[in-house]
Q: 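Would you mind keeping the following structure in view while I ask a few things?
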Amino acid sequence: MKRYTFLLPLLFLLITLSAKAQTDAGMDAFVKKLMSQMTLDEKIGQLNLVTAGYPPTGLGVSLGVEEKIAGGQVGGIFGVYGAAKVRGVQELAVTKSRLKIPLIFGLDVIHGHQTIFPIPLGLSASWDMNLIEKSARIAAVEGTADGLNWTFSPMVDIARDPRWGRISEGSGEDAYLGSRIAAAMVKGYQGPGLSQNNSMMACVKHFGLYGAAEGGRDYNTVDMSRNTMYNYFLPPYKAGLDAGAGSIMTSFNVVDAVPATGNRWLLTDLLRKQWGFKGFVVTDYTSLNEMIEHGLGDLQTVSALALHAGVDMDMVGEGFLTTLKKSLKEGKVTQAEIDQACRLVLEAKYKLGLFEDPYRYVDEKRTTSDILTAEHRQAAREIAAHTFVLLKNDKQTLPLKKQGANIALVGPLADNRRDMLGTWVVAGDWQKSVSVKEGIQHVAGSGVNILYAKGANITDDTAFIHRLNFFGQEMVSLDKRTPDEMIREAAGAASQADVIVAVLGESQSMSGESSSRSDIGIPASQERLLKEMVATGKPVVLVLFTGRPLTLPWEAEHCTSILNVWAPGTEAGNAIADVLFGDVNPSGKLSATFPRSVGQIPLYYNHKNTGRPYDGSPQTKFRSNYLDISNDPLYPFGYGLSYTTFSYSDLKLSKTALKGAEKLTATITLTNTGKYDGEEVVQLYISDPVATISRSVKDLKGFQKVMLKAGESKEISFTITPEDLKFYNSDLKYDWESGEFVIGIGTNSDELKSGKVNWTK
Ligand code: NOJ
């Protein structure tokens with residue numbers, strides 16, 4: 001028997017495949033039978049996704065929702081959550097509508113449901129796939145405990161422009177890292193299988209290229225070569241789908257001049273035919289109707305266009321609901337197209353187990369047992385602490401001592417719970433979050449003396465405040481005191497302190513959807529406070545909240561330390577204090593470049609060489625550079641310090657000449673040369689200096705997060721295969737080309753030890 005144990009994995013695979021074939025066959029038969037009983041109106045009804053009102057992110061909301069559900073005119077709903085509420089709405093569908101087809105319940109569960117994790121850009125800075133997957137798993141457990149079964153996440157749009165407010169919702173600028181994260185998130189949400197009552201169907205978004213909005217202005221037009229799309233922007237969508245995501249959302253922008261929502265090349269040729277996607281396609285919020293503004297025709301025309309392109313579900317727009325019947329009569333769409341869309345929506349419900357039990361996700365008991373548990377909060381704390389990026393730490397000012405320190409804690413984000421959560425927290429309650437002040441009190445207790453002063457408003461600009469408070473709540477407000485009075489108070493606190501901790505940056509509504517900024521510095525009111533603090537001559541630790549890379553040239557020069565904490569979520573204050581006092585050594589690395597100035601944007605590490613590359617010399621003319629600023633970023637992609645130091649030495653390549661499918665092993669010795677145990681993200685980049693197209697100067701191809709004790713050394717190895725050398729050439733063929741390759745390993749995209757190999761086919 002023992003001799004055959006090697007066959008066990010094969011046997012397991014066969015059993016899984018045959019079980020899948022049986023499920024598929026069962027699903028086919030079920031859906032076919034159901035559809036044979038459906039009227040045309042009922043089929044079109046399944047293609048209609050309505051909102052319960054919140055969050056309204058577009059130009060309209062759904063009306064007459066209850067009647068429509070009862071009338072079989074709705075396939076899914078988003079914005080309703082809470083087991084009892086979901087039960088009520090599901091009851092309408094399964095008791096009142098003729099065929100009793102259950103609804104699918106969606107929501108933007110983006111970085112946690114009620115236990116909020118760091119914003120996605122922050123999560124990506126952890127470079128830790130296990131932690132990212134865990135955050136999505138917990139989000140799914142909580143979301144499903146609140147009656148949901150579909151999340152509009154992960155957002156995998158590559159972004160090279162930090163003016164774009166939604167860079168906060170994605171994983172930054174790199175296709176490789178973005179793809180790994182897309183897969184981890186999908187795995188986390190969908191768990192061991194969609195039929196589990198604690199798994200949510202993932203929705204990869206926004207397909208496609210939404211992150212490349214011109215000028216960083218949200219919803220703006222996109223124009224990009226196919227080559228750039230294939231090499232840099234499309235891979236994360238595909239990775240999310242390959243990981244099994246059940247749905248995908250279209251984007252607002254045009255792709256090759258045709259709006260994504262009506263783009264047949266995108267939604268059928270690429271998505272279905274090339275990538276083989278079997279799930280369903282939903283539009284973004286009224287993106288179908290917005291094709292009218294794009295100049296593609298009236299509602300009937302654009303609805304037919306969307307269906308024909310490959311859209312299956314219309315979010316809030318009701319273009320399908322109100323025009324498809326007419327279009328069918330007039331021969332503008334076919335019955336087969338309507339049937340196909342309906343089938344895919346019903347299949348999703350089947351996979352979620354909703355036909356077996358429409359209340360599968362409705363279990364009131366789970367509301368208390370599965371949401372905001374101590375365990376989830378603890379995970380949020382640990383995960384958040386792993387996303388912080390230490391940008392600067394002069395004279396080892398951090399970590400702070402837990403005993404005897406007098407700390408001036410200043411800034412509008414220091415004693416603030418609301419802004420801990422960041423963008424997209426539909427179900428998150430900011431009152432349950434931990435402020436920085438509270439976190440420091442929990443972690444350092446009476447050992448430290450905290451001298452708190454707010455010191456400044458988030459901003460003094462009332463027009464800006466008005467924009468930030470769009471949702472009607474006082475998200476940002478002006479203090480009753482004048483800016484001068486607040487500064488004086490902060491100066492008073494600083495005068496008695498040994499160290500100043502300034503908690504500054506972006507508030508919750510300064511990034512996210514429809515929150516682009518042209519000036520991405522710290523707002524003037526806070527900058528003024530910071531300058532006053534620096535002027536005291538005491539060490540200033542800047543704890544920076546942000547939903548995007550900011551321009552920080554002054555801060556980088558004058559602050560003693562900068563700890564970038566993004567928007568860390570429910571456990572913000574505790575996680576920040578864990579890192580400030582050294583219980584956790586920071587290990588985050590940037591997933592998006594920090595420019596020196598807005599004028600350098602777009603600035604990203606894997607740019608192409610120009611024909612006139614700049615050598616950095618100020619005396620040079622006729623080279624690609626600026627007269628007034630260097631080409632270099634302030635902080636490059638992959639950058640991030642630790643309380644300890646790491647050295648990289650002894651890069652070894654197993655071969656220098658390779659042929660065909662051979663494998664290369666690249667090994668480097670990593671040594672923790674400092675005083676603290678710590679984690680380092682070891683990064684592998686490959687350059688292909690000569691090819692049939694101009695390649696980027698380097699591309700990330702691997703990374704490992706490694707824990708080393710103080711003084712410890714370890715050999716870190718990467719196995720490189722021809723797969724890692726492939727790219728899309730000018731015929732969009734994915735292949736590699738013989739020649740020389742530069743293998744670089746190091747601590748960030750700019751500091752690499754490198755060696756060369758020759759690899760021929
Ligand atoms: C519009 C956003 O672009 C999208 O990301 C979101 O999922 C929908 N609104 C639904 O809230």
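Order of appearance sets the numbers: ligands from 1, and atoms from 1 within every ligand. Numbering starts at 1 and runs along the sequence shown.
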Q: Side chain, backbone, both or neither: which applies to Glu513 and ligand 1 if a contact is any heavy-atom pair less than 4.0 Å apart?
A: side chain
Q: Ring centroids only, cut at 6.0 angstrom: are Trp150 and Tyr189 within range, meaning strictly under it?
A: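 Between Trp150 and Tyr189, the centre distance exceeds or equals 6.0 Å.
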Q: Just going by heavy-atom distances, which of Ile110, Asp284, Leu107 is nearest to atom 3 (O) of ligand 1?
A: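 Going through Ile110, Asp284, Leu107 one by one, Asp284 has the nearest heavy atom to atom 3 (O) of ligand 1.
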Q: Mind checking whether Met155 has a heavy atom under 4.0 Å from ligand 1?
A: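 Met155: no contact with ligand 1 (<4.0 Å).
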Q: Out of all atoms in ligand 1, which are within 4.0 Å of some heavy atom of Phe152? Include the element for each.
A: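 Near Phe152, the atoms of ligand 1 are 7 (O), 10 (C).
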Q: Would one find an N or O of Lys205, backbone or side chain, under 3.5 Å from an N or O of ligand 1?
A: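 N/O-N/O distance below 3.5 Å exists for this pair.
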Q: What pairs meet the salt bridge (Lys or Arg N to Asp or Glu O under 4.0 Å) rule with one or both residues in residues 119-128, with sequence neighbours excluded?
A: none
Q: Are Arg163 and Glu214 close enough for a salt bridge, meaning some N to O gap below 4.0 Å?
A: no
Q: Show which atoms of ligand 1 fall inside a sub-4.0 Å distance from at least one heavy-atom site of Trp424.
A: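 Counting atoms of ligand 1 from 1, those under 4.0 Å from Trp424 are 11 (O).
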Q: Once salt bridge (Lys or Arg N to Asp or Glu O under 4.0 Å) is applied, do any residues pair with Lys238, and if so which ones, sequence neighbours excluded?
A: Asp242
Q: Can the positive tip of Arg160 be found less than 6.0 Å from the middle of the six-membered ring of Tyr604, inside 45° of the ring normal?
A: yes
Q: Report yes if some N/O of Arg166 lies less than 3.5 Å from some N/O of ligand 1; otherwise report no.
A: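 Yes - when backbone and side-chain N and O of Arg166 are compared with those of ligand 1, one distance drops under 3.5 Å.
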Q: Would you call Arg87 and Glu364 a salt bridge, using N to O less than 4.0 angstrom?
A: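 Salt bridge flag = yes for Glu364 with Arg87.
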Q: Does a side-chain N-to-carboxylate-O contact under 4.0 Å join Arg137 and Glu133?
A: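 Looking at Arg137 and Glu133, the cut-off is not met.
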Q: Given Thr250, Asp108, Val426, which has its nearest heavy atom closest to atom 10 (C) of ligand 1?
A: Asp108
Q: Is ligand 1 under 4.0 Å from a heavy atom in the side chain of Glu169, in the backbone, in both, or in neither?
A: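 Neither part.
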Q: Atoms of ligand 1 less than 4.0 Å from Phe252 heavy atoms?
A: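 Near Phe252, the atoms of ligand 1 are 3 (O).
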Q: Cation-pi check for Trp164 against Arg517: NZ or CZ below 6.0 Å from the six-membered ring centre and within 45 degrees of the axis, yes or no?
A: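 Checked: cation-pi criterion not met.
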Q: Can you list the ligand 1 atoms lying under 4.0 Å from a non-hydrogen atom of Phe78?
A: 10 (C), 11 (O)
